[in-house]
S.K.: 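Questions regarding the structure given below will be posed in turn.
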Amino acid sequence: MLPRHPRRQDIRRGVAHIRRGGVIAYPTEGVWGLGCDPRRRRALNRILAMKGRPRHKGVLLVAGRAAETRRYWSAQGTDQALLARFWPGTTLVLPATPQVPFWIRGRHAGIAVRISSHPAIVALSRVFGGAMVSTSANPAGKQPARDLRTLYRYFGRSLWVLPTRLGGQHHPSRIVDARSGRVLRE
């Protein structure tokens, strides 16, 4: 059985892998996620290829604290009370700053950001020093991996995995437009 909280040495190994341009699998609140450094286009392209995901869809960013994501979104037109109400846990679509590359946002003007309270994500983003790419660990059209056997069946054993339990939710996070408050995915 996987531990509830990540071990420090595993967090350091995962962050080292991300910094070298690698892709890792890590637990989220409800499913396994794939992540990388959002500034590493090659790493993101590897994730998109692994998933068979079109580039135009974009990906979301995840961190343990809003400050770790702040460089990617603009507060203009964003209701601060809405942020406080939905974070942590909900993915919010926020106005993207001009620095957000197209390989992250896809064809969208906004950027999807989730602040998580999952101990693995909090520790990874703190040690990494910022937000990471986050997308569910599944090929397009398949259910997200909820256990290691499915994760390995989808992507093989060469993928670096942070050995920690999922958070216990039974679905990916919901997505809300931060400007309108409209739910985009439940």
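Numbers for residues simply follow the sequence, beginning at 1. Since we're looking at a predicted model, the values are computed, not measured.
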S.K.: Can a donor-acceptor pair be found, under 3.5 Å and without considering hydrogens, that links the side chain of Arg53 to the backbone of Gly58?
M.R.: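 Indeed, once roles are kept as given, a pair shorter than 3.5 Å links the two residues.
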S.K.: So, taking the atom named CG in Leu60 and the one named CD1 in Ile111, what distance separates them when rounded to the nearest 0.5 Å?
M.R.: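 If we round to the nearest 0.5 Å, Leu60:CG and Ile111:CD1 are 8.0 Å apart.
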S.K.: Just how far is it from atom OG of Ser116 to atom CE of Met132, taken to the nearest 0.5 Å?
M.R.: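 So the gap between those two atoms works out to 8.5 Å.
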S.K.: According to side chain to side chain donor-acceptor pair (under 3.5 Å), who are the partners of Arg12, at least two apart in sequence or on a separate chain?
M.R.: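 Counting only residues at least two positions away or on another chain, Arg12 forms no side chain to side chain donor-acceptor pair (under 3.5 Å).
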S.K.: Less than 4.5 Å apart, side chain to side chain, heavy atoms only: is that true for Arg55 and Leu44?
M.R.: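 No, every pair of side-chain atoms sits at 4.5 Å or beyond.
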S.K.: Do Val161 and Val133 sit in the same hydrophobic cluster, where Ile, Leu, Val, Met, Phe, Trp and Tyr count as joined when their side-chain heavy atoms come under 4.5 Å apart?
M.R.: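 Yes, because Val161 and Val133 connect within a single hydrophobic cluster, where side-chain heavy atoms sit under 4.5 Å apart.
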S.K.: Taking all heavy atoms of Tyr72 and all of Ala131, pick out the closest pair and write down the distance.
M.R.: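 In terms of heavy atoms, the two residues are closest at CE1-CB, 4.2 Å.
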S.K.: If I take atom CZ from residue Arg153 and atom CG from residue Leu148, how far apart are they, to the nearest 0.5 angstrom?
M.R.: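 Arg153 CZ to Leu148 CG: 12.5 Å, rounded to 0.5 Å.
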S.K.: Return the minimal non-hydrogen interatomic distance between Pro27 and Arg165, and the atom names on each side.
M.R.: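 It is CB-O, 3.4 Å.
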S.K.: Looking only at heavy atoms, what is the nearest atom pair of Thr69 and Ala63, with distance?
M.R.: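 Smallest interatomic distance, heavy atoms only, reads CG2-CB, 3.6 Å.
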S.K.: Do Leu48 and Val59 have side-chain heavy atoms sitting under 4.5 Å apart?
M.R.: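 Side-chain contact under 4.5 Å: yes.
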S.K.: I'd like a table of donor-acceptor pairs (distance under 3.5 Å, sequence neighbours excluded) in which one partner is a side-chain atom from residues 103-110, with atom names and distances.
M.R.:
residue : atom : partner : partner atom : Å
Trp103  : NE1  : Pro38   : O            : 3.1
Arg105  : NE   : His108  : O            : 3.2
Arg105  : NH1  : Val100  : O            : 2.9
His108  : NE2  : Lys57   : O            : 3.2

S.K.: Go through it in stages, so that I can follow the logic: the residues are Trp32 and Thr28, the test is side chain to side chain donor-acceptor pair (under 3.5 Å), and I'd like the CA-CA distance, side-chain angles, deciding distance and then a yes or no.
M.R.: CA-CA 6 Å; Trp32 282 92; Thr28 71; over 6 Å; no
S.K.: Identify, with sequence neighbours excluded, every residue that meets side chain to side chain donor-acceptor pair (under 3.5 Å) alongside Asp37.
M.R.: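 Testing Asp37 for side chain to side chain donor-acceptor pair (under 3.5 Å), a comparison that skips the adjacent residues, returns Arg39.
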S.K.: Between atom NZ of Lys51 and atom CG of Asn138, what is the distance when rounded to the nearest 0.5 Å?
M.R.: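 Rounded to the nearest 0.5 Å, the NZ-CG separation comes out at 4.0 Å.
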S.K.: Does one hydrophobic cluster hold both Leu162 and Leu159, with members joined at side-chain heavy-atom distances below 4.5 Å?
M.R.: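 No, no single cluster joins them.
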S.K.: Do any side-chain atoms of residues 120-130 form donor-acceptor pairs under 3.5 angstrom with protein atoms, and if so which ones, sequence neighbours left out?
M.R.:
residue : atom : partner : partner atom : Å
Ser125  : OG   : Gly64   : N            : 2.9
Ser125  : OG   : Glu68   : OE1          : 2.8
Ser125  : OG   : Ile121  : O            : 3.1
Ser125  : OG   : Val122  : O            : 3.3

S.K.: Please determine whether side chain to side chain contact (heavy atoms under 4.5 Å, CB included) holds for the pair His56 and Phe102, giving the CA-CA distance in whole Å, both sets of side-chain angles, and the decisive distance to 0.1 Å.
M.R.: CA-CA 8 Å; His56 72 270; Phe102 71 91; over 6 Å; no
S.K.: With sequence neighbours left out, what residues match Arg71 under side chain to side chain donor-acceptor pair (under 3.5 Å)?
M.R.: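 Arg71 satisfies side chain to side chain donor-acceptor pair (under 3.5 Å) with no other residue.
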S.K.: How about Ile24 and Ile18: do any of their side-chain heavy atoms sit closer than 4.5 Å?
M.R.: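 Yes, close enough: below the 4.5 Å cut-off.
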S.K.: Please enumerate all residues that pass side chain to side chain donor-acceptor pair (under 3.5 Å) together with Thr97, with sequence neighbours excluded.
M.R.: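 Counting only residues at least two positions away or on another chain, Thr97 forms a side chain to side chain donor-acceptor pair (under 3.5 Å) with Gln99.
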S.K.: Please examine the side chains of Tyr26 and Ser134, heavy atoms only from C-beta on, and report whether any two atoms are closer than 4.5 Å.
M.R.: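 The answer is yes; the side chains approach within 4.5 Å.
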S.K.: Hey, mind stepping through Thr164 and Asp10 against side chain to side chain contact (heavy atoms under 4.5 Å, CB included) and telling me if it holds?
M.R.: CA-CA 9 Å; Thr164 309; Asp10 291 331; over 6 Å; no
S.K.: To the nearest 0.5 Å, what is the distance between CH2 (Trp73) and CG (Leu94)?
M.R.: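 These two atoms lie 6.0 Å from each other.
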S.K.: Determine, stepwise, if the pair Val23 / Ile47 fulfils side chain to side chain contact (heavy atoms under 4.5 Å, CB included).
M.R.: CA-CA 7 Å; Val23 172; Ile47 289 175; 3.6 Å; yes
S.K.: When you look at CZ of Arg19, are more than 12 heavy atoms from neighbouring residues, nucleotides or ligands closer to it than 6.0 Å?
M.R.: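 Buried by this count: over 12 neighbours within 6.0 Å.
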S.K.: What distance do Met50 atom CE and Thr135 atom OG1 have between them, rounded to the nearest 0.5 Å?
M.R.: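 Answer rounded to 0.5 Å: 10.5 Å.
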S.K.: Yes or no on side chain to side chain contact (heavy atoms under 4.5 Å, CB included) for Ser136 and Gln143, after CA distance, side-chain angles and deciding distance?
M.R.: CA-CA 9 Å; Ser136 58; Gln143 289 296 311; over 6 Å; no
S.K.: Would you name the heavy atoms of Glu29 and Ser117 that are closest together and state the gap between them?
M.R.: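 What the structure gives for the nearest pair is OE2-N, 4.0 Å.
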S.K.: Linking I/L/V/M/F/W/Y whenever any side-chain heavy atoms sit under 4.5 Å apart, do Val62 and Val93 land together?
M.R.: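 In one cluster with Val62: Val93, no.
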S.K.: Can you give me the closest heavy-atom contact between His118 and Leu166, atom names plus distance?
M.R.: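 In this case the closest contact between His118 and Leu166 is NE2-C, 3.8 Å.
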